[in-house]
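Report on one structure; see the data block that follows.
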Amino acid sequence: MKTAFSTLVLVLRILVAGVFIFSAILKLTDQAGFLDDVQGFGVLPYDQAYLVALVLPWLELLCGLAVLTWRYSAAASLLMIGMNGGFIYFIRHALQQGREIDCGCFGTWVVFQNHDHHLIFLWVLMVALAMVFVRTFMMAQYDD
Amino acid sequence: MQYEGAKKEAVGIVGAFTRLIVNCIIILGVSSALAGISYLSMNSMPEFADGRLGTGEITLEEAQAFSYPVWIDARSSTEYAEEHLQGAILLNEDAWSELLPGFLVVWREQDVVVYCNSMNCNAARAIARRLRSELEVPDVHVLQGGWQTIKESDLPLEKGR
């Protein structure tokens, strides 16, 4: 049972790493476009939107790589949970305001049929990240 | 024995939390450093000031104060054909190359105001950003509220292409 769970978490680490690295690369190839997307949420003033558009892609890339390592996996998954939670919040906030938004998460490579599908994807991702975090954090307690 | 075991476990948990926080800070720090380096060396982001001056939103009253501005409709050609602001030029990313000459014919370095079809859609910002970066049009503005604001105003509208 324990081995099966460990194997599952390993697979999940690879999958979430792939999602975040892919998303980061798409954003880094068009950061100006991502800035437009962040402003489109209508939540952050321009200064903060600029900072998010500048730093977030690099954070995604680094977390995607770090989650594959043993030492930084727990920290990376925790930060990914934070980012994912932010995406969910901003999308729901924008939808409640009736805004047409494109979160810019995957550019035109992955297009969700509607925002509900997008949110479902993000919630599934959240569950996967939670499992990774719990497992890697539990194992970290036994590191000296 | 049990006390020693519990103490050891507590120390392990505290240590794990400490390592977690430290590693989070390391990841955040390295990300910020990479972002700073890329901003300084790669020009991957538009200039910070451009967003404040050029692609910031303006109200309809502010737009009407400009002297003979060029109005750009950044919506789809179908929406444009259904109805648009009288005199507005269609220019969207779907047919940028084909529609751009129509803008260049009328633009004489006056202010440009771009609108799209909802409260806060990205199309107008994208068009404004491209006009600034590719054509060096200095005075480009995005209309706050977009098409909705125009519909609610008393500005003349027209149909067709």
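Chain letters run A, B, ... following the sequence lines, proteins first and then strands; every chain starts at 1.
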Measure the [atom1]-[atom2] distance between [X] and [Y] for me, rounded to the nearest 0.5 Å.
{"X": "A:Leu35", "Y": "B:Arg125", "atom1": "CG", "atom2": "CZ", "value": "8.5 Å"}
{"X": "A:Met138", "Y": "B:Ile13", "atom1": "CE", "atom2": "CD1", "value": "10.5 Å"}
{"X": "A:Leu54", "Y": "B:Ser38", "atom1": "CG", "atom2": "OG", "value": "5.5 Å"}
{"X": "B:Leu34", "Y": "A:Leu61", "atom1": "CG", "atom2": "CG", "value": "8.0 Å"}
{"X": "B:Leu20", "Y": "A:Ser73", "atom1": "CG", "atom2": "OG", "value": "10.5 Å"}
{"X": "B:Arg19", "Y": "A:Phe137", "atom1": "CZ", "atom2": "CZ", "value": "8.5 Å"}

Is there a side-chain contact (heavy atoms from CB on, under 4.5 Å) between B:Val30 and A:Trp58 once you walk through the steps?
CA-CA 9 Å; B:Val30 174; A:Trp58 290 105; over 6 Å; no

Joint cluster assignment, [X] & [Y], ILVMFWY side-chain distance < 4.5 Å:
{"X": "B:Ile25", "Y": "A:Met80", "result": "no"}
{"X": "A:Ile81", "Y": "B:Phe17", "result": "yes"}
{"X": "B:Val106", "Y": "B:Leu104", "result": "yes"}
{"X": "B:Val105", "Y": "B:Ile127", "result": "yes"}
{"X": "A:Val127", "Y": "A:Phe20", "result": "yes"}

How about [X]: does its [atom1] atom have over 12 heavy atoms from other parts shown lying under 6.0 Å from it?
{"X": "B:Glu109", "atom1": "CD", "value": "no"}
{"X": "B:Trp96", "atom1": "CH2", "value": "yes"}
{"X": "B:Glu136", "atom1": "CD", "value": "no"}

Search all heavy atoms of B:Ile27 against all heavy atoms of A:Cys63 and return the closest pair with its distance.
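So the minimum-distance heavy-atom pair works out to CG2-SG, 3.9 Å.
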
Honestly, the part of B:Ile21 sitting under 4.5 Å from a heavy atom of chain A is neither

Quick one: which of B:Asn23, B:Val22, B:Val14 has the most heavy-atom pairs under 4.5 Å with chain A, could you say?
B:Asn23

Region of A:Leu78 in contact with chain B, defined by heavy-atom distances below 4.5 Å
side chain

Which atoms of A:Ala74 are under 4.5 Å from chain B, going by heavy atoms: the side chain, the backbone, both sets, or neither?
both

